[in-house]
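A quick note: this is a predicted structure, and the numbers were derived from the prediction, not measured. Every chain is numbered from 1 and lettered A, B, ... according to where its sequence line falls, protein lines coming before strand lines.
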Amino acid sequence: MPELPEVETVRQTLKQLVLNKRVKDVSIFWDNIIKRPQDPNDFRAWIQGQELQDINRKGKFLIFHFEDISMVSHLRMEGKFGVYNASLPKPKHTHVIFHFTDGTELRYDDVRKFGTMHLFEKGQEWNEKPLIQLGPDPFDPSFTTEYFYAKLQKTSRLIKSVLLDQSVVAGLGNIYVDEALYKAGLHPERIAKELTYDEASRLKEASTQTIVEAVKQGGTTIRSYLNGQGEMGMFQQQLKVYGKENTGCFGCGNPIIKLKVSGRGTHVCPRCQK
DNA sequence: ACCGCTACCTGGCAGC
DNA sequence: TGCTGCCAGGTAGCGG
């Protein structure tokens, strides 16, 4: 599911469903998802008996606040959280289950098993990886044009690669980067330091607007199945370039093309993006 | 500091 | 119906 708008949608949905529930036990079926503490048995012991008090988000990370600990989780490519009745059978791709005392459970499903979970003592999560290396969210007041332009000035990387760098701005992924670059009229292969202040400003605004609008729409749903929580996103209807190769550009009618930039599939209108 | 490559995993799909 | 290879909303770690 995972760029900022999808993670935010999951956060809001989950909050309605699991707040103030107490964890009775945790089942772990794929150890590699658990990154901290190293031993999954310790993970289980830490979280047992804890009440879930809030769910937050930074970039693409979900932060589950329990009484004494925080759980930081990244969904990577296909991770999903859902709340179910404990009597329902466990699907093939469910790898972690948080059993609550009320007979419901929070399940983590992930076909590719790329997702991660870290536990920290309350408050400590902000001082360590992975959260410590994140830049501001796109709509955070500290994500200013001055900040962004200064970052761009320092690097010769391609602009697409910089937008994907979570330490510069947190939450954009392959879909929204392509959309933001299109909105700003900038080609993904431009050298970051060669952007003018005005172009940096346009791109900063385009990035923020794209993310804000996608959050309003509940994110983008492509390829992924409905997980029963009703959080089907609608932003896919607003996509202008992502997945639109060989269709006419909304601006000029010329075909959108697909290329590889920094190893990622990249969608661009060569006429509108310079 | 950068790039490209590999790894982590599985499944869908195009092409033969 | 296979099989093969490529692709996928992500990121860390490696060597050059």
Side-chain angles (χ1 to χ4, degrees), chain A residues 1-10 29-36 57-62 72-81 91-96 108-118 128-135 138 151-181 188-194 207 210-211 214-215 217-227 231-246 258-267:
Chain A
M1 292 212 82
E3 296 180 48
L4 189 155
E6 294 75 52
V7 177
E8 175 60 16
T9 302
V10 171
F29 304 100
W30 191 262
D31 288 353
N32 286 351
I33 288 168
I34 310 302
K35 303 298 182 187
R36 187 182 194 278
R57 182 197 53 71
K58 168 86 177 180
K60 302 173 191 173
F61 289 88
L62 284 169
V72 176
S73 181
H74 197 301
L75 280 43
R76 292 292 179 99
M77 297 293 267
E78 307 203 25
K80 295 167 190 68
F81 278 105
K92 183 179 175 188
H93 298 300
T94 298
H95 308 305
V96 182
Y108 179 72
D109 299 280
D110 188 345
V111 169
R112 294 175 71 180
K113 304 173 176 167
F114 283 179
T116 62
M117 295 180 192
H118 292 74
E128 295 188 45
K129 289 212 290 192
L131 294 187
I132 196 171
Q133 46 196 12
L134 294 182
K151 287 281 189 189
L152 299 190
Q153 284 292 291
K154 281 187 203 139
T155 180
S156 303
R157 297 157 69 192
L158 306 184
I159 187 62
K160 168 153 183 171
S161 169
V162 178
L163 280 181
L164 284 171
D165 183 341
Q166 303 296 299
S167 72
V168 173
V169 55
L172 298 183
N174 208 32
I175 294 180
Y176 297 115
V177 164
D178 281 7
E179 293 297 314
L181 284 164
E189 290 174 307
R190 288 282 301 278
I191 307 294
K193 63 161 61 157
E194 293 176 358
S207 302
T210 301
I211 291 293
V215 169
Q217 301 283 318
T220 298
T221 305
I222 54 174
R223 223 175 358 259
S224 93
Y225 55 85
L226 287 168
N227 67 1
E231 73 227 26
M232 176 75 153
M234 297 305 289
F235 192 76
Q236 61 274 16
Q237 295 171 15
Q238 316 285 322
L239 296 176
K240 300 291 196 295
V241 286
Y242 186 85
K244 302 288 186 187
E245 57 268 36
N246 304 321
K258 185 172 181 184
L259 41 133
K260 199 80 113 172
V261 178
S262 302
R264 311 295 302 276
T266 299
H267 312 77

From C-beta outward on [X], which listed nucleotide comes closest to its side chain: [options]?
X	options	result
Glu78(A)	dT11(C), dA8(C), dG10(C)	dA8(C)
Asn32(A)	dT10(B), dT11(C), dC9(B)	dC9(B)
Lys113(A)	dC9(B), dT11(C), dC2(B)	dC9(B)
Lys260(A)	dC7(C), dC3(B), dT10(B)	dC7(C)
Asn174(A)	dG10(C), dC8(B), dT11(C)	dG10(C)

*Which part of the nucleic acid, if any, lies within contact of Gln133(A), taking any heavy atom under 4.0 Å across all strands shown: a base, the sugar-phosphate backbone alone, or nothing?*
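If one applies the 4.0 Å heavy-atom cut-off, Gln133(A) turns out to touch the sugar-phosphate alone, with no base involved.
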*Stem list, DNA chain B (Watson-Crick or G-U pairing under 3.5 Å, at least 3 consecutive pairs)*: B:2-8 with C:10-16, B:10-16 with C:2-8
Using OP1 and OP2 only, check whether a side-chain N or O of [X] sits under 4.0 Å from [N].
X	N	result
Gln166(A)	dT11(C)	yes
His74(A)	dT11(C)	yes
Trp30(A)	dC8(B)	no
Lys92(A)	dG11(B)	yes
Lys60(A)	dT11(C)	yes

*Stacking check: are the rings of Phe114(A) and dT11(C) less than 5.5 Å apart at their centres and under 30 degrees in tilt?*
no
